[in-house]
Amino acid sequence: MITITAMKWAPPFAAGSVRDHRARWILNEVGWPYRVRLVDAPTMSSAQYRTQQPFGQVPVMEEDGRPALFESGAIVLDVATRSGRLLPADANQRSEAVMWVIAALNSIEPFLMNLAEVEFFIPDETEKRLRRPAVLAAAKKRLGELQDALGGRQWLVGDSFTVGDLMMSSVLKIASSLEVLEGFPALAAYQARCFDRPAYRKAIDDQCATIAQHRMEDMRYEEAHHG
Ligand SMILES: N[C@@H](CCC(=O)N[C@@H](CS)C(=O)NCC(=O)O)C(=O)O
C-alpha cells in the first residue's frame, strides 16, 4: 500500500495548495489506494524524515519494497509511468508531456514563488514595495509566454489531459492565489478545465478536511526549533 506524507496543518490561505495535493491528485486519477501519514514540524525536521526528504518537506511517497520518493514532480511522473495513465500512447507526445511537467516546475513555478515570497513573507512594507514591481513583471512575462504557447488548444499536449496539465494547473494555483491569473483569461479557463475533474476535487477536499481538523499548535513549531 502506498503512503504519502502531508502536513497536519497549514495556514488558511494555503489550504488546498500544499504540494501533497499533487500526489493525492495523481493517485486519485489512476485509482490507486493510498494512506496519508500526517507530519508535524518536529517530524519534518527529524533526522529520520530527512533520510526520505533531505529538505524536510512534503510530500514523500512511501511504498513497501521501493525507495521513498520525494519531489511532487517525481511522484507524479512515477505514478503516471507505472500506471500508464495520463501519459499519451504516442512516444513523441509522451516526451512532450514530461517536458511540460518540467517546464511547470522549472520555468513557471520559481517566478510565481518569487512573487508569493514578496507578497506573503516579506514583513517590511518598504522592502515589499521596492521588490514587488520587478518580480510581478517577471511572473507576468512568463504567464504571457505560457498563454501564447497554449494558444487556442484545450490541453498542452495532444487532445487529452496529461501529467503536463496536472502539474501546470497545480503550479498556476500560486498565480491564482495572488490574483495574477485574472489578467490571463485563457490560462484561467485552462486551469478551470484541469480542475474540473473528480480526482482533483477529492484531492483538495481531503487536504482541506485534514487541515480543518487541526490547529497551528498541532504542528509543534516551538519543539521543532528548540526541542
Ligand atoms: N520541490 C518540492 C517542494 C515541496 C514543498 O515546498 N513543500 C512545502 C509544502 S507546499 C513544505 O513542505 N514546506 C515546509 C518546509 O519547507 O519547511 C516538491 O515539489 O515536492
Side-chain angles (χ1 to χ4, degrees), residues 2-29 34 36-63 66-81 86 98-122 163-178 194 200 203-204 206-212 214-227:
I2 290 175
T3 300
I4 61 161
T5 63
M7 270 155 70
K8 222 176 217 177
W9 180 85
F13 72 83
S17 295
V18 185
R19 286 174 178 78
D20 61 77
H21 80 266
R22 296 174 181 167
R24 296 174 189 262
W25 186 2
I26 186 75
L27 287 163
N28 292 342
E29 288 281 355
Y34 61 94
V36 177
R37 176 160 77 95
L38 298 179
V39 290
D40 56 16
T43 302
M44 289 160 78
S45 58
S46 69
Q48 205 279 332
Y49 191 74
R50 278 165 193 264
T51 63
Q52 296 188 321
Q53 216 298 3
F55 313 113
Q57 299 180 316
V58 299
V60 169
M61 184 171 75
E62 306 161 334
E63 201 175 348
R66 298 192 79 227
L69 293 183
F70 68 94
E71 284 299 336
S72 56
I75 293 168
V76 163
L77 287 173
D78 178 73
V79 173
T81 306
L86 299 198
V98 172
M99 172 186 78
W100 279 111
V101 172
I102 309 287
L105 295 170
N106 204 38
S107 298
I108 303 290
E109 189 169 52
F111 290 86
L112 300 180
M113 284 308 291
N114 284 346
L115 185 57
E117 263 172 56
V118 170
E119 292 294 355
F120 297 131
F121 299 116
I122 292 185
V163 277
D165 300 306
L166 184 155
M167 191 55 77
M168 189 60 82
S169 60
S170 169
V171 163
L172 290 177
K173 281 173 91 93
I174 306 164
S176 42
S177 75
L178 295 164
C194 294
Y200 169 79
I204 300 306
D206 289 350
Q207 178 179 99
C208 290
T210 297
I211 289 171
H214 294 91
R215 300 178 314 155
M216 188 171 75
E217 291 75 16
D218 296 326
M219 289 301 283
R220 302 191 295 145
Y221 287 114
E222 279 305 302
E223 194 180 324
H225 293 129
H226 308 296

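Whatever order the structure lists them in is the order used to number ligands and atoms, beginning at 1. Because the structure is predicted, anything quoted here is derived from the model rather than measured.
- For the residues V76, T5, V58, the heavy atom positioned nearest atom 12 (O) of ligand 1 is part of V58.
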Donor-acceptor list for residues 100-117 side chains, cut-off 3.5 Å, not counting sequence neighbours:
{"from": "E109", "atom 1": "OE2", "to": "R19", "atom 2": "NE", "distance (Å)": "3.3"}
{"from": "E109", "atom 1": "OE2", "to": "R19", "atom 2": "NH2", "distance (Å)": "3.1"}
{"from": "E109", "atom 1": "OE2", "to": "R22", "atom 2": "NH2", "distance (Å)": "2.8"}

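- Given atom 1 (N) of ligand 1, the protein heavy atom at minimum distance is E71 OE1, 2.7 Å.
- For A10, the closest heavy-atom approach to ligand 1 does not fall below 4.0 Å.
- Protein heavy atom in closest approach to atom 14 (C) of ligand 1: M44 CE, 3.8 Å.
- Nearest heavy-atom pair across V36 and A6 is CG1-CB, 3.6 Å.
- Protein heavy atom in closest approach to atom 17 (O) of ligand 1: G56 O, 4.0 Å.
- Scanning the protein heavy atoms around atom 16 (O) of ligand 1, the nearest turns out to be Q57 NE2, 3.1 Å.
- Those atoms of ligand 1 that come under 4.0 Å of a heavy atom in P59, given as number and element, are 20 (O).
- Here D218 does not pair with K8 in a salt bridge; the nearest charged N to carboxylate O distance is not below 4.0 Å.
- Nearest heavy atom pair, residue G16 against residue I204, reads O-CD1, 3.2 Å.
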- Item | Derivation of the side chain to side chain contact (heavy atoms under 4.5 Å, CB included) call for R66 and D78 | CA-CA 12 Å; R66 298 192 79 227; D78 178 73; 3.0 Å; yes

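- Nearest protein neighbour of atom 9 (C) of ligand 1, counting heavy atoms only, is V18 CG1, 3.8 Å.
- Considering both main-chain and side-chain atoms, S17 never comes within under 3.5 Å of ligand 1 through any nitrogen or oxygen pair.
- Nearest protein heavy-atom neighbour of atom 19 (O) of ligand 1: S72 OG, 2.7 Å.
- Using the six-membered ring where Trp is involved, Y200 and H21 have ring planes that are perpendicular, over 60° apart on the 30 and 60° scheme.
- Qualifying ring pair (Phe, Tyr, Trp, His ring centres under 6.0 Å) partners for Y34, counting only residues two or more places apart in sequence or in other chains: none.
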